[in-house]
K.L.:
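Could you have a look at this structure, given as structure tokens, before my questions?
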Amino acid sequence: MGARSRRSAGNLPAELTSFVGRRHELGEAKRLLATARLVTLTGAGGVGKTRLALRVAADVRRAFPDGVWLVELADVGDPHLVPNTVATAFGLRGTSDQAAGLAEYLEDKQLLLVLDNCEHVADECATLVAKLLAVSGGLRVLATSRHTLHVEGEHLLHVEPLPVPGDEDTGGGPVEAVTLFADRAAAVSPGFELTPDNRGTVRRICRRLEGIPLAIELAAVRVRVLAVDQVLERLDDRLGLLTSRPAAVQPRRRTLEAAIDWSFELCTPAEQRLWAQASVFPGGFDLDAAEHVCSPAADGGGSALDVVTGLVDKSVLSRQNGTFGRHAWYRMLETVREYGAARLATGGGEAGVRARLAGYYADLARRYRAEGFGPRQSEWLGRLRREHANLRAVLEHCLSGPGQASQALDIAASLWNFWYGGGLVPEGCGYLRRGLELCGERTLVRARGLYAMAFLAIQTGAPHAALLAELDELAGELGDERLRAGHAECAGMATFFTGDLAGGAGLLERALAGYRTAGDALLVFDTLILLAAARFFLGDPRGAAAAEEALALTDRHEARWSRGYALWAVAIHRWRAGEPRQAADLLHEAVALRLPDRTLLAFLIEALAWCHSAEGEHDRAARLLGGADAVWRLSGARVGEMSPYQGVDEQCAAPARTALGHDAFDTAFAEAAGFGLDEVVRYALRERPATRVAGKAAEPGGLTRRQREIAELVARGMSNKEIAAALVLSGRTVEGHVENILVKLGLTSRTQVASWLVGQPGQPA
């Protein structure tokens, strides 16, 4: 594994402003991380925990070969989504037990996980962190929270406000709070600098704000329009009101609240209104969203652009690096957003804002469904990922009672392809299930929800018979041909996956005719791909025509994401026709698209293995089969475990085993099965050699910790299927582990594993 590629792994954002001070805290945090598995930075809101954590993470990045990964949890409203949110940061895709999937993925990784803003989901964070640390010896966790997580082995570093000059301190030496004020003031007022005339006033401002970084930054931005003496005078007026605040509120918290209060009161009425209303966007927003959801122009307050610009100038909003298309993206610090949310709750009008928010995202979801098979396909997927936190907030709000549940179901159903392609199947299923439970009326919205739920359930091997039965009934009641085609598609897919290829193909042909009549290009395409696959396994040459039609459809609609599936479908038929090199060229083209769809990638890598097996490249075929296994596990989809696909895999593996020998085949497969997604892609495109992956320290007998665990279950007489269910692994993964265990131990049968275990240290004789 190349050190360069691994060290570049991670998702830390670039710093947008300078980092000031904190030398002691930086050194202490890095010292703790060198020895402790979990370090939590605690402290009040606005004190700078996040910024410190990001700087620490950046400084220690080279110590973690598998990268440093940031997971922002402030946007997570439902605690149950914590494991899914963490998994998504790694590019992992949904499984029924996301925590177990994470644990398996991180088992042999050496990385730093940064969990930011844990306080509102502290219990779930603690449970997850404890589980992950227990299985991954190379994992370190750096968390930020307003209070401790209470995990065994947790080391705490309390983050205090920045040092401020004392009352009698008139020296000229740098003080961190003063340096921060001067730095941020110079950013908004070029040419500002500390002078003998203003230094004393700046020091008094920093003392007045008790060194709280957020409060200092909010005050410093006022230098754009006020002299520092005026800033101090107005702060004195505002902070003098602290004595009227509840005594139970901590003094520094009251100071921060007062500083934010002052910043709020210096805003125009339109800016105040947008500040409060924009708090409903936990993930941030663009100008279009502000114009539709907020009402900044009420009472002649000016355009949304003018108001947003004013809030950016006042450091209430920050513009994020990177945009969606031509749309700039704006966010608030969590403490500032919390303040806005409190203002919205007490100021009236929240119900109207929430209703407009739900309407905006219902329209967005419908636009995605209408435009998602076209030239903006990949752009739409990127946009929905950026909107993910907002979609969660809207869906949770609408599902809080039956009143707006139909709107939530409509949104979730329109996004079925996003849940699938974006690797968010468990989350999407959760929203659809709750929506169906709350919306019992037999409407078109319910029918669309049933289709979406059935499609996702079939892809992941979840129960779906009841969903299909009701969808069939409801399609008949409503007389909707598109729904009838949807039922035929899902039923055909389910039938195909269970091994009834002819029956599945017949149902898919019926679905295709219905979708053609309805003129739904996306669903015509999806059904062509399924039909091409079913006919491939049937040996029906008409499958090649379906695949070619699907590819032509993506060209006509300029649908880049869907093109990857079409290339796969054409390629497997070329392979079946005895043209493995031409098939491999098509598959390489699809892999090179580097689309974020893990299920598609698994299909592509698997088919590449078939091609190289046909060309007699047995070592490469073994490694590609291992790489496909790794990607299937990360995708969360269960299609690769269905009998038609496994049959071809076994057909390709057999000559490779014969040519290489069982030991060499298993070694090659296992090494590639340990690859990350980027490594699999680079190996498939011949951008990296197949070097051996360094694993964890082995258990006695040369077994890894996971293999030792599986060996103990084998010794208890459990089947591979039972082990897979117990450990939440794929059947193919368990089968590979068992084969490797027997090879490493020099055994020939499962029954001998129990005898070997008895002789190991720590086992009862």
K.L.:
Among Leu551, Leu600, Thr554, find the one that has a side-chain contact (heavy atoms from CB on, under 4.5 Å) with Tyr565.
P.N.:
Leu600
K.L.:
Once you measure the plane-to-plane angle for Tyr683 and Phe675, does it fall in the parallel (<30°), tilted (30-60°) or perpendicular (>60°) bin?
P.N.:
perpendicular
K.L.:
Got a sec, which residues hit salt bridge (charged side-chain N to carboxylate O under 4.0 Å, His left out) with Asp555, two or more places apart in sequence or on another chain?
P.N.:
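If we apply the salt bridge (charged side-chain N to carboxylate O under 4.0 Å, His left out) test to Asp555, skipping adjacent residues, the hits are Arg563.
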K.L.:
When the ring planes of Phe536 and His573 are compared, do they come out parallel, tilted or perpendicular, using 30° and 60° as the limits?
P.N.:
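Perpendicular, since the angle between the ring planes exceeds 60°.
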K.L.:
Taking only residues two or more places apart in sequence, or in another chain, which ones meet Trp610 in a side chain to side chain donor-acceptor pair (under 3.5 Å)?
P.N.:
Asp649
K.L.:
List in chain and number order the residues that pass salt bridge (charged side-chain N to carboxylate O under 4.0 Å, His left out) with Arg535, two or more places apart in sequence or in another chain; answer none if no residue qualifies.
P.N.:
Glu509
K.L.:
Aromatic rings Tyr105 and Phe90: how do their planes relate, parallel, tilted or perpendicular, breaks at 30° and 60°?
P.N.:
tilted
K.L.:
Could you walk me through whether Trp419 and Cys429 pass side chain to side chain contact (heavy atoms under 4.5 Å, CB included), step by step?
P.N.:
CA-CA 8 Å; Trp419 305 127; Cys429 284; over 6 Å; no
K.L.:
Any donor and acceptor pair, going by atom type alone, linking the side chain of Ser613 with main-chain N or O of Ala609 inside 3.5 Å?
P.N.:
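No, Ser613 side chain to Ala609 backbone: no donor-acceptor pair under 3.5 Å.
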K.L.:
In terms of the angle between their ring planes, are His588 and His612 parallel, tilted or perpendicular, with boundaries placed at 30° and 60°?
P.N.:
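Answer is tilted, since the angle falls between 30° and 60°.
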K.L.:
Under a 4.0 Å threshold between the charged nitrogen and the carboxylate oxygen, would Asp585 count as salt-bridged to Arg581?
P.N.:
no
K.L.:
Please answer whether the main-chain N or O of Ser378 pairs with a side-chain N or O of Arg560 as donor and acceptor at a distance below 3.5 Å.
P.N.:
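Side chain of Arg560 to backbone of Ser378: no pair is present.
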K.L.:
Okay, side chain of Thr498, backbone of Thr495: is any donor-acceptor separation there less than 3.5 Å?
P.N.:
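Checked: pair present.
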K.L.:
Can you tell me which residue pairs pass the side chain to side chain donor-acceptor pair (under 3.5 Å) test with a partner in residues 539-548, sequence neighbours excluded?
P.N.:
Asp540-Arg542, Glu548-Arg574
K.L.:
According to the interplanar angle, ranging from 0 to 90°, do the rings of Phe537 and Phe496 count as parallel (below 30°), tilted (30 to 60°) or perpendicular (above 60°)?
P.N.:
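Correct class here is tilted.
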K.L.:
What pair of heavy atoms forms the shortest contact from Ala89 to Asn11, and how long is it?
P.N.:
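The answer is CB-ND2, 4.3 Å.
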K.L.:
Applying salt bridge (charged side-chain N to carboxylate O under 4.0 Å, His left out), name anything that partners Arg716, two or more places apart in sequence or on another chain.
P.N.:
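With neighbours one apart ignored, the set is empty.
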K.L.:
Using only atom types and a distance under 3.5 Å, with no angle test, would you say the side chain of Thr527 pairs donor to acceptor with the backbone of Ala511?
P.N.:
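Not at all, since once roles are kept as given, no pair shorter than 3.5 Å links the two residues.
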K.L.:
Please name all residues satisfying side-chain contact (heavy atoms from CB on, under 4.5 Å) with Pro375, sequence neighbours left out, ordered by chain then number.
P.N.:
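With neighbours one apart ignored, the set is Glu558.
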K.L.:
Going by atom types alone, do Asp526 and Tyr515 pair a side-chain donor with an acceptor below 3.5 Å?
P.N.:
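Short answer, no.
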K.L.:
So that I know where these two stand, are Phe418 and Trp380 an aromatic pair - ring centroids less than 6.0 Å apart?
P.N.:
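Judged by ring-centre distance (under 6.0 Å), Phe418 and Trp380 do not meet the cut-off.
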K.L.:
Describe, in one word, how the ring planes of Phe669 and Phe665 are oriented to each other, choosing from parallel (under 30°), tilted (30 to 60°) and perpendicular (over 60°).
P.N.:
parallel
K.L.:
Does the side chain to side chain contact (heavy atoms under 4.5 Å, CB included) test come out yes or no for Leu133 and Leu139, once each step is laid out?
P.N.:
CA-CA 6 Å; Leu133 291 176; Leu139 174 66; 3.9 Å; yes
K.L.:
Indicate the ring-plane relationship of Phe455 and Tyr420, choosing parallel, tilted or perpendicular according to the 30° and 60° boundaries.
P.N.:
perpendicular
